[in-house]
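Contents: one structure, followed by commentary.
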Protein chains: 2
Amino acid sequence: MTTLADKGNLVQRPPTMKEVAALANVSIKTVSRVINEEPGVSPELSERVLQAIRQLGYHHNTTASNLRRADQRTATIGLLLDDVANPFSSALHRAIEDVANQHDTLVFTGSSDFEADREERMALTLMSRRVDGLIVMPVSQSHIGLQQFKQLDRPIVFVDRPANLYDADSVLADNRVGASVAVRHMAAYGHRRIAFLGDLHTLWTAAERHLGYIEGLALTGLQLDPALVRHDLHSINLVEQATIELFTAPNPPSALFAGQNLITIGVIRALQRLGLQQQVALVGFDDFPLADLLMPRVSVVAQDPALLGKTAAERLFARLDGERSPGERIVIPTQLLIRGSGEITPSAFT
Amino acid sequence: MTTLADKGNLVQRPPTMKEVAALANVSIKTVSRVINEEPGVSPELSERVLQAIRQLGYHHNTTASNLRRADQRTATIGLLLDDVANPFSSALHRAIEDVANQHDTLVFTGSSDFEADREERMALTLMSRRVDGLIVMPVSQSHIGLQQFKQLDRPIVFVDRPANLYDADSVLADNRVGASVAVRHMAAYGHRRIAFLGDLHTLWTAAERHLGYIEGLALTGLQLDPALVRHDLHSINLVEQATIELFTAPNPPSALFAGQNLITIGVIRALQRLGLQQQVALVGFDDFPLADLLMPRVSVVAQDPALLGKTAAERLFARLDGERSPGERIVIPTQLLIRGSGEITPSAFT
DNA sequence: TGGTATTTTGACAACGTTGTCAGATGTTGA
DNA sequence: TCAACATCTGACAACGTTGTCAAAATACCA
């Protein structure tokens with residue numbers, strides 16, 4: 001025969017309102033009133049209840065409370081990120097946590113690892129937990145799980161990348177303009193052969209930055225050379241390899257636009273290996289810690305992940321507070337940070 | 001008159017088992033059995049139920065289920081970190097998430113910002129949510145909130161820093177040995193004046209690394225000079241200022257031990273400002289991204305946050321599975337990564 | 001003093017689910 | 001054909017809380 005304890009179950013039940021009520025010699029409802037600070041409890045009873053609460057070490061059971069409450073709220077939201085350990089994601093996370101805290105809401109966070117079915121699974125799990133809303137960096141195109149969530153009329157806010165879901169808010173960085181500015185910046189320093197190194201072309205941000213690159217070239221009257229465009233560089237090895245290939249091929253670029261911070265880092269690694277870091281211009285998309293300590297200091301198009309996160313969270317809570325306007329795209333501007341690597345002139349390179 | 005919708009409540013209730021049961025023309029209990037894959041439901045009924053579930057878009061309500069279940073589990077754990085956006089914390093977070101996923105458990109994460117009362121508040125909130133267990137980077141010394149949690153016989157595992165709570169597991173890096181190794185390493189390169197720059201002395205890790213520094217000096221027969229020891233450098237400005245002071249004072253150090261990664265970065269910034277980065281030896285505690293791309297490349301004592309997190313999470317789930325042995329201290333070794341900055345000789349400096 | 005208005009309190013059902021147990025149905029063997 | 005048994009199924013209570021509403025206690029007024 002096995003007992004509960006044998007199975008490793010939590011056998012010691014926390015005290016309940018019932019026990020508090022018994023000790024204070026009042027009804028459960030009175031205890032409930034005291035805890036929820038509802039008016040109309042005499043100071044005398046209230047004190048007796050509080051005393052009993054202290055004595056028993058009672059703690060309110062939020063889940064049971066939420067189950068009964070009429071508004072169907074759980075005071076939790078879900079957050080689906082690429083990877084909680086990625087600096088961009090974790091900066092978002094922090095900003096969202098801060099807003100959620102102000103709304104007495106807890107955050108369930110998960111990493112999708114860019115896998116649509118992980119995203120899907122997480123979304124369904126969170127739906128089972130009845131989270132009040134969702135903030136998502138979307139991976140999948142179909143959003144099957146998310147659609148089901150939407151059907152319950154619960155808000156979803158997309159962040160960093162938009163979704164095909166009609167009528168959902170998205171909070172995005174201005175990827176296209178940012179990329180275009182980066183290209184034009186290097187063109188202004190005299191570069192005519194500017195390469196593009198991008199992430200998985202299926203990612204919306206990668207595609208937008210590529211479009212910005214093309215726009216930037218067009219605006220400065222430069223020719224687009226397909227040999228200078230590399231997509232799908234989703235691992236550091238692929239980045240290094242692509243960079244080296246660019247410089248061993250005939251007619252190499254004199255400037256590089258790196259479409260994402262991990263790509264920027266891979267490029268720097270490769271340039272150091274090639275000994276070219278002082279001769280090739282480089283602007284990366286998305287800032288990263290220590291970019292200003294490298295030699296040369298790395299110029300980047302900076303996003304503002306904290307602002308993206310804060311905006312997304314505020315949007316979500318506005319929806320939860322009843323805001324019913326149609327879904328919007330909110331675009332947060334980017335900023336070119338001039339530090340040195342983007343201002344290297346072509347003359348440095350031969 | 002205001003309706004529910006006006007108040008922004010989630011008015012559309014998700015379908016319940018009751019509705020599924022009605023549609024499939026069976027009892028609620030049968031629906032429950034199908035969902036929980038309990039044996040003894042005829043294939044025919046089972047199919048009818050599944051059909052109804054699909055038709056209504058039913059999703060199991062985990063919270064209601066957990067409330068009723070006998071084992072008192074919510075399949076959630078709480079995670080209290082310094083700051084989810086800090087790379088060390090977020091690496092821990094990711095490793096813990098992965099283990100939790102394997103146990104079909106969701107993680108509530110919060111940032112304490114090194115404030116004891118934030119930690120306290122978070123702990124109480126998580127207790128209200130009836131999380132099954134807690135993983136904590138502790139801030140406070142008293143652990144009032146955590147103690148109450150422990151009283152419910154729910155496991156807590158401390159990570160990175162131990163707690164005064166008797167009988168709780170801690171998973172720690174070998175701070176003292178790591179620091180000692182760093183000091184001895186630089187001493188072996190001929191340094192006799194090695195400075196210590198540390199974090200808030202109230203933090204256990206900072207204190208341990210300081211002890212390791214002292215031990216390292218003692219083991220190499222070097223004199224401890226209090227003028228070379230700086231504590232409480234909890235902001236980048238304080239670090240830069242302290243570094244500059246060290247080098248403007250008479251008899252400056254020829255080598256630096258930085259007790260934490262943000263401190264290391266501040267030191268590098270200051271050394272660059274002073275133009276001393278190639279002349280002063282530096283070993284930092286805790287690795288950071290790009291340490292190997294700076295010039296000189298930065299030697300560090302690396303911790304393994306992913307392993308710390310994984311170990312802590314596995315410990316927690318072992319407890320939840322009924323493991324009843326006394327609380328343990330598990331120490332994860334550190335590793336000296338030789339990259340260049342720690343191998344600069346005193347001769348470079350005059 | 002009696003009657004009404006007001007405040008305070010508690011009994012009970014309900015939230016959505018699962019545990020318990022008894023009843024219904026079907027199967028087997030003599 | 002009937003008892004004995006195994007298999008399926010459902011009624012009901014329970015988990016810990018809050019919403020509803022009526023009862024009890026108190027205050028107020030003529």
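A, B, ... follow the sequence lines: proteins, then strands. Residue 1 opens every chain. Just so you know, these numbers come straight off a predicted model, no measurement behind them.
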Results of side chain to side chain donor-acceptor pair (under 3.5 Å) for B:Thr105 - residues two or more places apart only: none
Across all chains, not counting sequence neighbours, the salt bridge (Lys or Arg N to Asp or Glu O under 4.0 Å) partners of A:Lys29 are none
Residues two or more places apart in sequence or in another chain: which of them pass side chain to side chain contact (heavy atoms under 4.5 Å, CB included) with B:Ser112? B:Asp82, B:Glu119, B:Val139
Taking B:Ser65 for its side chain and B:Asn61 for its backbone only, find out whether a donor-acceptor pair lies under 3.5 Å. no
Residues that B:Thr109 engages under side chain to side chain donor-acceptor pair (under 3.5 Å), provided they are two or more places apart: B:His93
Residues which pass side chain to side chain donor-acceptor pair (under 3.5 Å) with B:Asn66, listed by chain and number, not counting sequence neighbours: none
Hey, where on DNA chain D does chain A first and last touch, going 5' to 3'? Cut-off is any atom under 4.0 Å from a heavy atom. D:dC15 to D:dT20
Could you tell me whether A:Arg94 and B:Asp83 have a side-chain N and a carboxylate O separated by less than 4.0 Å? yes
Tell me: CD of B:Glu44 to P of C:dG26, nearest whole Å? 11 Å
Heavy-atom contacts under 4.0 Å between residues 17-36 of chain A and DNA chain D, which residues? A:Met17, A:Ile28, A:Lys29, A:Ser32, A:Asn36
Round to the nearest Å and state the distance from B:Leu45 atom CG to C:dA24 atom P. 17 Å
Stretch residues 47-57 of chain A: residues that reach within less than 4.0 Å of DNA chain C through a heavy atom: none
Are any of the side-chain heavy atoms of A:Val84 and B:Val84 separated by less than 4.5 Å? no
Sort and list the pairs that fulfil ring-ring contact (aromatic ring centres under 6.0 Å, His included) and have at least one residue in residues 39-72 of chain A, not counting sequence neighbours. none
Pairwise 5' ranking along DNA chain D for A:Tyr58 and B:Pro39, keeping only the more 5' one: B:Pro39
Assuming nearest nucleotide by heavy-atom distance, tell me which of A:Pro43 and B:Thr62 is located more 5' along DNA chain C. A:Pro43
Applying ring-ring contact (aromatic ring centres under 6.0 Å, His included), can you list everything that pairs with A:Phe158, at least two apart in sequence or on another chain? A:His143
Charged N to carboxylate O below 4.0 Å: is that the case for A:Glu47 and A:Arg54? yes
Is there any ring-ring contact (aromatic ring centres under 6.0 Å, His included) pair reaching into residues 105-127 of chain B, and which pairs are they, with sequence neighbours excluded? A:Phe108-B:Phe108, B:Phe114-B:His234
Axis-to-axis angle between the two ends of the helix from C:dT1-D:dA30 to C:dA30-D:dT1 (five base pairs per end, rounded to 10 degrees): 50°
Could you tell me if the side chain of B:Leu81 sits less than 4.5 Å from the side chain of B:Asn86, heavy atoms only? no
